[in-house]
Asker: 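Could you have a look at this structure, given as structure tokens, before my questions?
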Amino acid sequence: MTSFCPVIILAAMLVLIPAIAAPAPEKPLFAEEYELKAAYIFNFTKFVTWPSTAFKDESAPIKICIPRNRMLEYAFSALTQKSSQKRRIEISGYENTKDSGNCHLLFFDEPLDSSIVAKVLMSVRNSPILTIGVSRDFVTQGGIIRFVTTDGRLTFEINPEAARRAGLEISSKMLSLAKIVRDVP
Amino acid sequence: MNFLQNRFHNLPLKRKLLLSFMVTSSTALALACIIFMINNYLTRHRDLLNEAIALADTLANNSTAAITFNDQKAAGELLKALKAHPHIDMAALYSLDGTEIALYVRPGTKGLPTPAVSYHTQNSDYKNIHVYRPIILDAEQIGMIYLRYNLSTLTSRQLQFLLLILTILLLESGLTFVIASRLMKYISEPVQKLVSVARDISLRQNYNIRAEQFGTDEIGILAESFNVMLVTIQERDRQLVLHHEQLEHQVTVRTHELATTNTTLKNEITERIKAEQARNLMEEELLKSRKLESIGILAGGIAHDFNNILTSVVGFISLTRNQTKDNVKIQEYLSNAEKGCFRAKNLTRQLLTFSRGGKPVRMTTSLEPIIQEAISISMAGSNVLCNLELPERGLYQVHIDAGQIFQVLNNLLINARQAMPDGGSVTVRADNISIGEDTVIPISPGDYVIVVIEDNGNGIPQQDIHRIFDPYFTTKPMGSGLGLATSYTIIKNHGGLISVTSELGSGAVFTLYLPVARIRHASETPVFESAPVAKNVTNKECKRVLIMDDDQMIRDLAADMLATLGHSVSLACDGNGVISMYREAKEAGEPYDVIIMDLTIPGGMGGAEAISKLLKYDNSACVIVSSGYANEPVMADYRSYGFRGAMPKPYTLDELEALLQSIGTL
């Protein structure tokens, strides 16, 4: 009995794992761009330090809030497997920006109206929330990081003052990679 | 290695010390420098490594964002900052999958290999340190950084160090040489001096040299010990020499003692041999003299008795002749008988002389005239030449009976003459000699006059030479055999010696030794009395004569003879008779004119005793001694006994008459 028992278990595992895992969402179009952004965002969490008051406790996860979007959700789903700064990553989709109260990272995608973005940004300007956007004036509107595609390569801009206002520390290493943008007076 | 060891062993002490100093100090210093250098290198290397690691880590940390966001440009910029580090030749950043994100190569550096990414550690060769560090972000490796650190500074620094060390070594060697040379004086100089002193001593064997003492260190102690040793050696040498001298002295003394002992021994042996010879001679002499003495006693006894007999025979012949003067024939017979008797008388006289020797009537005299007379008489008319050799200073005086000595010399000379019937020469040599204690001649030591009579005749055969002094030993057809025997006795009675040596064919040598007179003075001239009786005296008067003799025949003969001569005769048979008769006659007023007394009366008072008593009574008594012992001492020296005359038996009538006639003059 003992001689074939592990073989049976291994075979069972091979058969069962795909069945147990959550049903992987179908990969949508332009997913690669979102995946890249998701990776960047995950990496941002590594270079940004939140104030301790931002977390309930030591093991509280970093909550990344993204707009409810099938492609984004798909792209960010991989991050839930990871952890950053010893904290799990939690992805949360939001319908509107009112839900952003307990987020640590708030990502704005393009389709949003800039006035809405500005409004949200204003509402979270003094909260320890890393705001990331893609719109042209995102950073000048009070956002902290903005994705920019230059020469086909994804880069980002950072507004350190906005980060300071939010009580966040952004690593100089990351800053050195970004284009620093100041608040518009 | 052995060669070097040998070289080192044979180096002089100074060089050895210098070399030791220099090698030791240089080695120590070199070792210290090398250790320091290695330590410095290792420390520096570690520091550099740490520096490189730190730099790599810093870079890694700084590049996390660039890696994370795959910002090659930023990464490249980051690496370009290494320009400020001139020792970094190369740097590279890799992503986790090994993709090179950025590469930095120092401008001007060529031919560097593209580093492999598989290393997760660091290594180094002598030129470079290769550092591989992981790039970690949030406890997760996100990439790898590679740095190549150039060690050229370290190497050049090490070379500088080496140069510095060499310079220091050189300086140190020089300094050591100078200092050691100075310091070594304190070690090598005393040792060298000690060595030279030791060499001096061993070469010259002079132990008086002393080593100089420089201090109280080991060398000082060595020098002191050396000096003490020298003193000990000197003392030992001195002792040795002393012992040697003592030994030599002892040897000399012992040798001398031995030589002395040896000489003494030799002398003793010589003396013993001499004594032995002397003893043998003495024994021989004693034997000879005993033999001759016993023969002499026998001969003397016979001669005495024979003389008595002869006295009567001669006497009666005289009487017969007196009575038969007319008969010529009888006279002739009697005369022949008388001649025979005289020959017999001569014989007995010779016998008596030999037997008793006759006490010599001695006087101190010189031998010279006696010798000369004996020569002239014995050699008269012979064809033998006689040489007389006398000492220039003359001979010592001798105390001798001149007649007896003359007889001896005469005997010997006649013998010599007879030994040379065909002529030849006789040498008579007389001299004074001194006989010492060590003489082998059987004679008492003292001064002697020696007379040597040497002929060149036939000599005496060896077998005869011991017998020639024996009585009746003769080789001559007509010899009596008494001549040499008598001579022997005479010389012996004189306290002298007669000896003979001879070789057959070359003659014989007779030697006489006569003791020198104790008081040698020439006052007494030698007197040779040829006849004791004076003959030219005539006193023909009647005399009263008393005859004393134990022999009846002699008494009768004397009585007849005196009667014939016209004297009155009384007879006595011993001394007592004589004394009483003389007293009676004296008292009667008719004293005896002459008393003729026999000297020896067996069993009665003899002449010698009788005369002393008689002379006490009347010292004017005229007494004549008569004896058959013609050589009796009394007969020779009758005057000292008180006799007026001596008449040897036998005597003839004429002789008796002549004596009586001479009485008046006596």
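Numbers restart at 1 for each chain; the letters A, B, ... are given by sequence-line order, proteins then strands. Just so we're clear, the structure is a prediction, and the values are computed from it rather than from any experiment.
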Asker: Minimum heavy-atom separation for A:Leu177 and B:Ala74, please, with both atom names.
Answerer: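 Result for this residue pair: CD2-CB, 2.9 Å.
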Asker: How long is the straight-line distance from CZ of A:Phe44 back to CZ of B:Phe69, given to the nearest 0.5 Å?
Answerer: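 Spacing of CZ (B:Phe69) from CZ (A:Phe44) equals 5.0 Å.
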Asker: Anything under 3.5 Å between chain A and chain B that's a donor-acceptor pair? List each one with its distance, please.
Answerer:
| residue | atom | partner | partner atom | Å |
| --- | --- | --- | --- | --- |
| A:Tyr40 | OH | B:Phe69 | O | 3.4 |
| A:Asn43 | ND2 | B:Thr68 | O | 3.4 |
| A:Gln85 | N | B:Asp138 | OD1 | 3.4 |
| A:Gln85 | N | B:Asp138 | OD2 | 2.7 |
| A:Arg153 | NH2 | B:Asn70 | O | 3.3 |
| A:Arg153 | NH2 | B:Asp71 | OD1 | 3.4 |
| A:Lys173 | NZ | B:Asn61 | O | 3.2 |
| A:Lys173 | NZ | B:Asn61 | OD1 | 2.6 |

